[in-house]
Student: 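Okay, here's the structure, questions in a sec.
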Amino acid sequence: MSEEKETENQQVASEQLSDILLVLDKEKMKIQAVKSIDKSGKMETVDPTKKNQSEFMRVDKHGDFVTNFLSNFWRQLKDPTKFALFKVSADEAVEKAKEFQNQINNPTAEGKKKMEKHEVKNEPEQEQKQENKNDMAKTETTPETSEYRFQPEQIDWETMNNLGLSKEYLEKKNLLDPLLRGYKTNELVPISVNLGGAVVRTDARLSLQSTPEGDVVAAVHGIRREPNLNFEFFGHKFSDEDKQNLRQTGNMGRVVDLINSKTGELMPSIISVDRLTNELIALKTDFIKIPDEVKGIKLNDEQKQTLVEGKPLFIEGMISTKGTPFDANVQFNADKRYVEFLFDRSKNNRQTQNSQQDNQQSRSQEAPKTFRGKELEDEQYNKFKDGQTVYIPNLVDKKGQTYNGYITFNKETGKTNFEFPNQYKERIKPTEAHKTQIAVNSEGKTNEATKNIKEPLQKGQQRPKNEKQQEQQNKPKAPAKSKGRKVS
């Protein structure tokens with residue numbers, strides 16, 4: 001088979017495995033193809049023509065990641081009500097765009113049904129239920145335990161590597177162990193996904209979940225702007241007091257009966273907010289474990305019952321790790337699964353949120369550990385994340401050919417700049433001014449244009465900068481006096 005034919009077959013296979021996102025701007029009533037969405041939530045689009053096909057954002061058809069991606073896409077979008085989103089196969093994207101535009105221009109009942117089949121609904125209530133279903137299932141099956149629910153060999157490491165998360169990276173960050181035990185990562189991790197014409201980068205917590213088929217997949221818990229408290233949560237409608245408590249302390253403060261969406265069973269549970277992602281988390285009261293002692297203070301049965309009921313408890317006379325006595329409110333948190341200190345969280349909530357946003361922004365600028373499928377060695381990575389230029393040999397292009405280059409990480413933008421060796425050499429090539437300065441400073445040579453100037457030269461200065469220096473330069477230097485012995 002010729003190389004040209006093989007390339008063509010690969011492109012066809014790629015199209016069969018990919019979906020394209022078409023979008024309808026409800027104000028302009030025009031169908032466009034999604035190209036990308038930036039961090040501020042602004043969507044970039046292109047005309048859905050064959051000429052622009054290489055710029056279309058591609059989404060893998062298979063796996064649970066597409067569901068998570070589309071959920072995060074809606075959350076990031078600056079004004080979601082302004083758009084309608086449609087998912088179509090890559091190989092029919094251009095034709096479908098024409099069909100949809102004809103339907104918009106000349107509406108028919110049949111055309112409306114066809115468009116609805118491809119529409120990606122932005123239904124917060126359904127999304128809320130689906131996103132929290134896995135967390136609720138986990139509370140039913142995973143109490144606090146030292147046992148492992150998953151094994152490393154069950155994980156699809158190829159998919160994880162495509163997210164920028166290698167096994168070595170997760171182990172080094174101490175994130176693999178909680179994943180294997182069935183919990184979410186205890187911190188946000190930077191995720192990078194190449195969707196063909198665009199690269200999507202976001203921060204998220206990860207967990208491992210089993211599919212009905214028995215496969216183990218990665219669930220991406222993306223960051224929300226705020227907890228979704230305006231819709232029912234497993235049959236529970238939040239009261240005004242519930243909303244206030246969740247926003248101020250992160251804990252609802254009472255036990256409620258939630259409905260198991262699969263069995264219809266009532267489950268007494270407490271509800272908290274994941275403070276890293278703003279996701280709502282429920283925990284059945286069966287799995288609440290209250291310690292006998294908190295910071296040197298033994299709890300009586302009444303105090304333990306207060307905590308089991310999800311209520312805050314004020315404790316006096318506790319001893320800090322530094323030996324200092326202190327008083328504070330404590331409460332059981334469904335996400336953390338332990339008793340936490342509240343202090344004056346309600347007064348400082350806005351400051352805490354700003355701090356979290358700063359931390360999230362800082363994490364989003366974290367240097368990637370891999371580049372074009374090649375993992376950086378520790379020494380390379382340390383230089384790279386500090387903004388230094390690093391040489392990377394033996395990269396492989398799409399045709400299987402190896403090439404070398406240099407990469408530099410921009411801490412402000414979070415982007416990686418790549419240069420081929422000739423580009424790098426051209427960039428660092430010293431200018432004439434630089435050569436002159438090196439000759440004067442390091443090699444003891446004299447710059448003829450400034451040799452008579454008495455005052456120190458500025459960096460890069462090669463000629464007099466004012467009239468005074470010009471006069472000094474023009475004035476011939478007096479001959480040196482003889483140091484011979486005086487003859488009487």
Side-chain angles (χ1 to χ4, degrees), residues 75 124-125 127-129 131-132 135-136 139 184 186-188 203-205 221-258 267-285 287-291 294-295 297 299 302-318 320 326-363:
R75 286 190 214 102
E125 183 174 12
E127 179 185 319
Q128 181 83 14
K129 289 180 179 179
E131 287 173 350
N132 288 280
D135 290 288
M136 177 57 73
T139 64
K184 290 187 289 187
N186 53 13
E187 62 182 62
L188 293 170
D203 280 354
R205 293 178 77 179
H221 303 267
I223 300 172
R224 298 148 178 76
R225 289 190 181 92
E226 59 181 17
N228 194 339
L229 305 177
N230 296 323
F231 294 87
E232 286 190 3
F233 179 75
F234 288 93
H236 174 68
K237 186 176 181 180
F238 295 104
S239 68
D240 290 340
E241 184 178 357
D242 290 341
K243 294 177 182 179
Q244 183 179 358
N245 289 339
L246 285 164
R247 286 173 178 144
Q248 288 185 344
T249 68
N251 304 311
M252 195 168 72
R254 65 188 179 112
V255 175
V256 292
D257 286 331
L258 302 182
M267 303 176 294
S269 308
I270 61 172
I271 301 173
S272 298
V273 175
D274 180 336
R275 294 192 183 98
L276 292 177
T277 65
N278 280 327
E279 182 180 17
L280 290 173
I281 305 297
L283 181 68
K284 289 175 64 174
T285 53
F287 299 137
I288 296 177
K289 291 186 177 181
I290 305 300
V294 177
K295 292 293 183 180
I297 300 298
L299 303 180
E302 184 180 351
Q303 289 173 314
K304 289 182 180 180
Q305 184 60 33
T306 297
L307 293 174
V308 168
E309 292 173 0
K311 299 174 183 177
L313 173 69
F314 184 72
I315 302 179
E316 297 178 304
M318 291 180 286
S320 71
F326 71 100
D327 309 330
N329 280 302
V330 299
Q331 195 170 22
F332 197 92
N333 182 283
D335 179 46
K336 297 176 181 177
R337 302 192 184 190
Y338 58 71
V339 175
E340 65 172 356
F341 297 101
L342 298 182
F343 296 108
D344 294 327
R345 193 185 303 276
S346 60
K347 295 180 182 179
N348 299 325
N349 192 45
R350 184 173 299 176
Q351 180 180 347
T352 302
Q353 288 179 345
N354 291 338
S355 175
Q356 286 180 352
Q357 290 172 0
D358 291 341
N359 290 338
Q360 290 164 12
Q361 184 176 2
S362 173
R363 288 189 186 96

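Everything numeric here is computed off the predicted structure, so don't read it as measured data.
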Student: Below 4.0 angstrom, N of the basic side chain to O of the carboxylate: do Asp242 and Lys237 qualify?
Tutor: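 Salt bridge absent between Asp242 and Lys237.
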Student: Take Asp335 and Arg275 through the side chain to side chain contact (heavy atoms under 4.5 Å, CB included) test and state the conclusion after the steps.
Tutor: CA-CA 9 Å; Asp335 179 46; Arg275 294 192 183 98; over 6 Å; no
Student: Have a look at Leu342 and tell me which of Asn333, Asn329, Leu313 forms a side-chain contact (heavy atoms from CB on, under 4.5 Å) with it.
Tutor: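 So the option named by the test is Asn329.
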Student: Any side-chain heavy-atom pair from Ile315 and Leu299 closer than 4.5 angstrom?
Tutor: yes
Student: Find out whether Ser239 and Arg254 are in side-chain contact, i.e. whether some heavy atom of one side chain is under 4.5 Å from a heavy atom of the other.
Tutor: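 Yes - at least one pair of side-chain heavy atoms lies under 4.5 Å apart.
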Student: Just one of Lys243, Met252, Gln244 clears the side-chain contact (heavy atoms from CB on, under 4.5 Å) bar with Leu229, so which one?
Tutor: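 For Leu229, the side-chain contact (heavy atoms from CB on, under 4.5 Å) check succeeds only for Lys243.
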Student: Main chain of Gly317, side chain of Asp327: is a donor-acceptor contact present, judged purely on distance under 3.5 Å?
Tutor: yes
Student: Taking everything shown except Lys311 itself, do over 12 heavy atoms lie less than 6.0 Å from its NZ?
Tutor: no
Student: Grab the two heavy atoms, one from Val256 and one from Ile271, that are nearest each other, plus how far apart they are.
Tutor: CG2-CD1, 4.1 Å
Student: Taking the side chain as every heavy atom from C-beta outward, state whether Lys184 and Asp274 have any pair of such atoms under 4.5 Å apart.
Tutor: yes
Student: If you look at every heavy atom in Met318 and Phe341, which pair is closest and at what distance?
Tutor: SD-CE2, 3.7 Å
Student: Do Leu283 and Ser269 have side chains that approach each other closer than 4.5 Å (heavy atoms only, starting at C-beta)?
Tutor: no
Student: Do the side chains of Pro227 and Leu246 get nearer than 4.5 Å, heavy atoms only?
Tutor: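 No, too far: nothing below the 4.5 Å cut-off.
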Student: Got more than 12 heavy atoms from elsewhere within 6.0 Å of CD, Glu241?
Tutor: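 It does not: Glu241 CD has 12 such atoms or fewer within range.
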Student: What heavy-atom pair brings Ser272 and Ala334 nearest, and what distance separates the two atoms?
Tutor: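 Here Ser272 and Ala334 meet closest at OG-N, 2.9 Å.
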Student: What do the steps show when you test Thr277 against Leu188 for side chain to side chain contact (heavy atoms under 4.5 Å, CB included), and what is the final call?
Tutor: CA-CA 8 Å; Thr277 65; Leu188 293 170; 4.0 Å; yes
Student: Hey, do the aromatic rings of Phe238 and His236 have their centres closer than 6.0 Å?
Tutor: yes
Student: When you measure from the side chain of Asn251 to the backbone of Gly253, do you find a donor-acceptor pair of N or O atoms at a distance under 3.5 Å?
Tutor: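 No; zero donor-acceptor contacts below 3.5 Å.
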Student: Ignoring hydrogens and angles, tell me if any N or O in the side chain of Gln331 forms a donor-acceptor pair with the backbone of Gly310 under 3.5 Å.
Tutor: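 Checking the backbone N and O of Gly310 against the side chain of Gln331, a donor-acceptor pair under 3.5 Å is found.
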Student: Give a yes or no on whether the backbone of Arg224 and the side-chain of Asn278 come within a donor-acceptor separation of less than 3.5 Å.
Tutor: yes
